[in-house]
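Here the structure is a predicted model, which is why all the values come from computation and not from measurement. In what follows, residues are counted from 1 in the order of the sequence shown.
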Amino acid sequence: MADFLTGLRALLAPAYAWAFLRALEDARWGWTALGLYGLACLTDVLDGPLARRRGQVRPRGAFFDAGADILFVTCALGAAWYAGIAPWWVPGSVLGAFVFFVLHSRWLATPDTPRLVPSRLGHWGGVANYVLVGVLAVEEACGLHLLGSRVLGWVFAVVPLYSTVGALARLPLGPR
């Protein structure tokens, strides 16, 4: 069931991006985009505890979960870039931090314990990414424009900062 929820989030990624882009042309799609975003968040909140409660925590599930997260966030932020709302470096810095996370984890892994090495800062960076997608859903897809372009510009400026801090906090790389 946990893998089903994670897989659902992966499938929601292109659906959300499509609804987000449609909402920019037809406001009625904004609430659909927001609903898809909410559903993706719900699957992300529920899949881990469900796997732990059922004793089904496995390295493959952690990779699948992280992959679904980055797919959803980069599709969402990529759609915002495509629409001219977000600068290219917003989805780029998120994707770069994720690639670093995976490569660093693989470097630390051993043949008998392949895993993703968790990071508290990385976790909060992931939460911030989801919050950013939600802000864009409300601001742009739903057309509420509560923050304005200047504040949104500052929000975008923070993304590479927290992405880089999360990556740098994983250093030094330590022994293999």
Checklist entry - So Tyr130 and Phe72, would you call those rings parallel, tilted or perpendicular, with 30° and 60° as cut-offs? => result parallel
Checklist entry - CZ of Phe98 to OG of Ser93: how many Å apart, nearest 0.5 Å? => result 14.0 Å
Checklist entry - Are the side chains of Val135 and Val155 in touch, meaning some heavy atoms are under 4.5 Å apart? => result no
Checklist entry - Should Leu136 and Leu77 count as side-chain neighbours, where that means a heavy-atom distance under 4.5 Å? => result yes
Next on the checklist: Restricting to non-hydrogen atoms, name the atom on Leu36 and the atom on Ala15 that form the minimum distance, rounded to 0.1 Å.
Outcome noted: CD1-O, 3.6 Å
Item to check | Same cluster (ILVMFWY, side-chain, under 4.5 Å), Leu71 and Val159 | outcome: no
Checklist outcome for this item: When rounded to the nearest 0.5 Å, the distance separating OG1 of Thr43 from CG of Asp69 is 8.0 Å
Next on the checklist: For a 4.5 angstrom cut-off between non-hydrogen side-chain atoms, does Val133 reach Tyr16?
Outcome noted: yes
Checklist entry - So if you build clusters from Ile, Leu, Val, Met, Phe, Trp, Tyr with side-chain heavy-atom gaps below 4.5 Å, do Leu146 and Val158 land together? => result yes
Checklist entry - Is atom OH of Tyr82 surrounded by more than 12 heavy atoms (other residues, nucleotides or ligands) closer than 6.0 Å? => result no
Next on the checklist: Do Asp26 and Trp29 have side chains that approach each other closer than 4.5 Å (heavy atoms only, starting at C-beta)?
Outcome noted: yes
Item to check | Test item: Glu140 and His145 side chains (from C-beta on) under 4.5 Å apart, heavy atoms | outcome: yes
Next on the checklist: Restricting to non-hydrogen atoms, name the atom on Leu21 and the atom on Ala79 that form the minimum distance, rounded to 0.1 Å.
Outcome noted: CD2-O, 3.5 Å
Item to check | Tyr162 versus Asn129, closest heavy-atom pair with distance | outcome: OH-OD1, 2.6 Å
Checklist entry - Counting N and O atoms only, with roles assigned by atom type, does the side chain of Thr164 sit under 3.5 Å from a partner on the main chain of Leu161, one being a donor and the other an acceptor? => result no
Next on the checklist: Would you say that Asp44 contacts Asp47 through its side chain, given a criterion of any heavy-atom pair below 4.5 Å between the two side chains?
Outcome noted: yes
Item to check | Gap between atom CG of Leu152 and atom CG of Leu132 - 0.5 Å precision | outcome: 7.5 Å
Checklist entry - Any chance CH2 of Trp89 has more than 12 other-residue heavy atoms, nucleotides or ligands included, within less than 6.0 Å? => result yes
Next on the checklist: Nearest 0.5 angstrom please: Cys75 SG to Phe20 CZ, how far?
Outcome noted: 12.5 Å
Checklist entry - Atom CG of Leu12 and atom CG of Leu39: how far apart are they, to the nearest 0.5 Å? => result 5.0 Å
Next on the checklist: If I compare all heavy atoms of Phe101 with all of Ala66, which pair ends up nearest, and what's the gap?
Outcome noted: CE2-CB, 4.4 Å
Checklist outcome for this item: When rounded to the nearest 0.5 Å, the distance separating CG of Leu11 from OG1 of Thr6 is 11.0 Å
Checklist entry - Glu139 side chain to Leu147 main-chain N or O, any donor-acceptor pair under 3.5 Å? => result yes
Item to check | Pro87 to Pro91 - nearest heavy-atom pair and separation | outcome: O-CD, 3.4 Å
Checklist entry - Would you say Cys142 and Trp31 make side-chain contact, with heavy atoms under 4.5 Å? => result yes
Checklist entry - Side-chain contact, heavy-atom cut-off 4.5 Å: Ile85 with Leu24? => result yes
